[in-house]
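Scroll down for the structure; my scribbles are underneath it.
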Amino acid sequence: MYRAVAVARPLQRTLVRRVSTSFNSHGGGGSMLEGYTPPTTSPANDMIAQLAAKHLDRLSLKDLIRFGRPPLTAQSLLTSARITREYLPVRLSRRIRALRNLPYIIVSNPNISKIYNNYIESLTAILAFPANSLTNLTEESKFTELLTEIVKTHSNTIPVLAKGFLECRGYTTPEEATKFLDHHLRARIGTRLMAEQHIGLHLASVPQPPTIDVPGESYIGTVDTELRPAEIIDSCASFVGDICELRYGARPKLTIDGNPDIMFPYIPVHLEYIITELLKNAFRATIEANTPVPITVTIAAAPGPPDAGGITIRIRDQGGGIAPEDFCHIWSYSFSTFNGSRSSIGSGNSGHLDDLCDVGTDGGDDVMSRFTESAGALETSSIAGLGYGLPMSRAYAEYFGGSLKVQSAYGWGTDVYLRLKGVGLDGL
Ligand code: ADP
Ligand code: MG
């Protein structure tokens, strides 16, 4: 099945990485600025503004496979490198602009300024690589090395940003935080993909030493033209089952039905991320409800080409469902019912959640207690607690025109519907 390329490794591996120590759970006052390194002064401020203002087309799966199956000709590989060299700085500059537009107290948080500085460094490095040198494979290889470094630098962004926003929760509301994070993390998907796509094409087109893991033959960069959703579900279930055994000493059963044999052209790391998060939720609910009923994953393929009907994956558990007063918050970044966390990102503002959520007056305080606060939830568990699983999974699903819907039968269980569109492979 999926063979990870050197940097486009399965995202799930990054999920279990622990967030580092010294967590200021109150996020207040001067202590928040401890260890603060002022953002690198960039010599290219005007350039950042100009680049960020450039037009950017939405990335589509079709764009990703436009060069056809690797190995690519030197000409095509160089074209891919030049396009990446041209548009990656636009994407990075937009992220920098968005971070700069945050209130100063937030961008000066050590974790958020760390992310900001990573973007500045990456942009500086890529701009220092002369675009007009991309005329031969030696330079293309150097460029790919630089992309690999950039991808690595940004691989741990999500927990760091999450920590930063938790520390800043006295200065922002959950809605403001969610709005920024949703936009930022969606844009980040495209930025990473652009770099990883070129790296994948390079690895499959230029001979590599045996120590380097190269994409399998069915891959076009990050896209697996023969992806089998059932295989991804199996491997994610085994990974999430391991986490459950460690944490709870139990492993729920899972069955796959529908069309387990279908193949579907898609980006495995994206599907892997989504399925891992959805299974974590279903496994946790099943164990906490103490039910022996297996989780059922149904795979359905619509008739016609993959870019028309696509596939639907339904994950059904009998873990008790989601309480109505929680349901309207499940798409907020950092909303979690794990570990009885207390407080919220915007703990200074207790009225707004009732506005968002039609739960009446008795929902408020209880709901406020459901936004992640504790370092414990971030550091000691990877089954849940960050409150990013559902919103991030929906961001991945929607990136290429899919959707993610949750239906809860409170007191019984939850159905999650993941719909994805693939890409037509005609002419490849
Ligand atoms: P986390 O899992 O870190 O809490 P998520 O974004 O994945 O964050 O989920 C948010 C919340 O939605 C969970 O804490 C839980 O309360 C609820 N939830 C999600 N999926 C399920 C499910 N299958 N069964 C019951 N509750 C769920
Ligand atoms: Mg989760």
Side-chain angles (χ1 to χ4, degrees), residues 11-12 15-16 18-19 158-159 161-163 165-166 174 177-178 181-182 185 236-237 239-240 243-244 247-248 252 254 272-291 293-298 313-345 353 356-357 359 363 366-397 404-418:
L11 289 176
Q12 64 185 31
L15 294 173
V16 287
R18 300 273 156 93
V19 176
I158 293 174
L161 265 184
K163 206 173 158 202
F165 271 92
L166 283 179
T178 287
L181 286 166
D182 205 42
L185 295 173
C236 293
F239 172 73
V240 177
I243 301 179
C244 279
R247 176 161 184 101
Y248 301 104
L254 178 139
E272 214 169 37
Y273 182 93
I274 299 169
I275 297 291
T276 302
E277 289 304 322
L278 299 180
L279 290 184
K280 282 202 233 168
N281 290 345
F283 277 36
R284 174 192 156 205
T286 300
I287 290 177
E288 289 184 359
N290 206 10
T291 169
V293 180
I295 289 139
T296 312
V297 183
T298 306
I313 298 176
R314 183 188 64 196
I315 300 181
R316 168 167 285 181
D317 69 65
Q318 247 182 70
I322 303 169
E325 65 269 25
D326 291 338
F327 191 78
C328 48
H329 300 296
I330 58 175
W331 302 107
S332 293
Y333 286 86
S334 99
F335 176 79
S336 176
T337 55
F338 187 68
N339 250 1
S341 308
R342 304 244 153 255
S343 186
S344 82
I345 289 183
L353 284 174
L356 263 184
C357 189
V359 293
D366 191 40
V367 165
M368 291 302 291
S369 76
R370 307 304 191 119
F371 278 77
T372 290
E373 173 197 18
S374 72
L378 286 174
E379 290 181 23
T380 61
S381 165
S382 50
I383 188 76
L386 205 54
Y388 277 47
L390 284 179
M392 268 308 291
S393 296
R394 186 166 69 174
Y396 274 110
L404 184 66
K405 302 236 156 62
V406 174
Q407 285 186 355
S408 151
Y410 187 42
W412 184 259
T414 305
D415 279 356
V416 181
Y417 289 87
L418 170 66

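Nothing fancy with the numbering, it's 1 onward along the sequence. Note that the structure is predicted; figures quoted are calculated from it, not measured. Note that ligands are numbered from 1 as they come in the structure, with each ligand's atoms numbered from 1 the same way.
- Two residues are said to be in side-chain contact when any heavy atoms from C-beta on lie closer than 4.5 Å; L161 and L185 meet this criterion.
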With side-chain contact (heavy atoms from CB on, under 4.5 Å) as the test, would you mind laying out the steps for V406 and F327 before giving the verdict? CA-CA 9 Å; V406 174; F327 191 78; 3.9 Å; yes

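- Less than 4.0 angstrom separates some heavy atom of G387 from each of these atoms of ligand 1: 1 (P), 3 (O), 6 (O), 8 (O).
- Here the Mg ion (ligand 2) has protein N, O or S atoms under 2.8 Å from it, and they come to 1.
- The option from G413, G321, G320 that lies nearest to atom 25 (C) of ligand 1, judged by heavy atoms, is G321.
- Between L386 and ligand 1, a contact under 3.5 Å exists for at least one N or O pair.
- In this structure the side chain of L418 never reaches within 4.5 angstrom of the side chain of I315, judged on heavy atoms.
- Residue pairs that meet the salt bridge (charged side-chain N to carboxylate O under 4.0 Å, His left out) test with at least one member in residues 404-417, sequence neighbours left out, are R316-D415.
- Nearest to atom 19 (C) of ligand 1 by heavy atom, out of N281, L278, T286, is N281.
- Using a 4.0 Å cut-off between heavy atoms, E277 makes no contact with ligand 1 at all.
- In this structure, the side chain to side chain contact (heavy atoms under 4.5 Å, CB included) partners of A285, at least two apart in sequence or on a different chain, are D317.
- Residue H329 places no heavy atom under 4.0 Å from ligand 1.
- Listed for the T178 side chain is a donor-acceptor partner under 3.5 Å among the backbone atoms of Y333.
- Side chains of S334 and P174 form no contact here, defined as non-hydrogen atoms less than 4.5 Å apart.
- Here S336 has heavy atoms under 4.0 Å from ligand 1 in both its backbone and its side chain.
- Every residue two or more places apart in sequence or in another chain that forms a side chain to side chain donor-acceptor pair (under 3.5 Å) with E288 is listed here: Y248, R284.
- Proximity of D317 to ligand 1, defined as any heavy-atom pair under 4.0 Å, is confined to the side chain (atoms from C-beta onward).
- Every atom of ligand 1 with a heavy atom of F335 under 4.0 Å away is listed here by number and element: 8 (O), 10 (C).
- W331 places a side-chain heavy atom less than 4.5 Å from the side chain of L404.
- Using a non-hydrogen distance threshold of 4.0 Å, P391 registers as a contact of ligand 1.
- Taking each heavy atom of A162 and Y388 in turn, the nearest pair found is CA-OH, 3.2 Å.
- Close approach of ligand 1 to A384 (heavy-atom distance below 4.0 Å) involves ligand atoms 1 (P), 2 (O), 3 (O).
- Residue-to-ligand polar distances keep F338 apart from ligand 1: every N/O pair is separated by 3.5 Å or more.
- For ligand 1, the polar-atom distance check against I383 finds no nitrogen or oxygen pair separated by under 3.5 Å.
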I313 vs V416, test: side-chain contact (heavy atoms from CB on, under 4.5 Å). Steps then yes/no. CA-CA 8 Å; I313 298 176; V416 181; over 6 Å; no

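- In this structure, I243 and F283 have side chains that are not in contact, with every pair of non-hydrogen atoms separated by 4.5 Å or more.
- Only the side chain of I322 comes within contact range of ligand 1, with a heavy atom under 4.0 Å; no backbone atom does.
- Two residues are said to be in side-chain contact when any heavy atoms from C-beta on lie closer than 4.5 Å; L278 and V297 fail this criterion.
- Shown in contact with G385 at under 4.0 Å from a heavy atom are these atoms of ligand 1, numbered in order with element: 1 (P), 3 (O), 4 (O).
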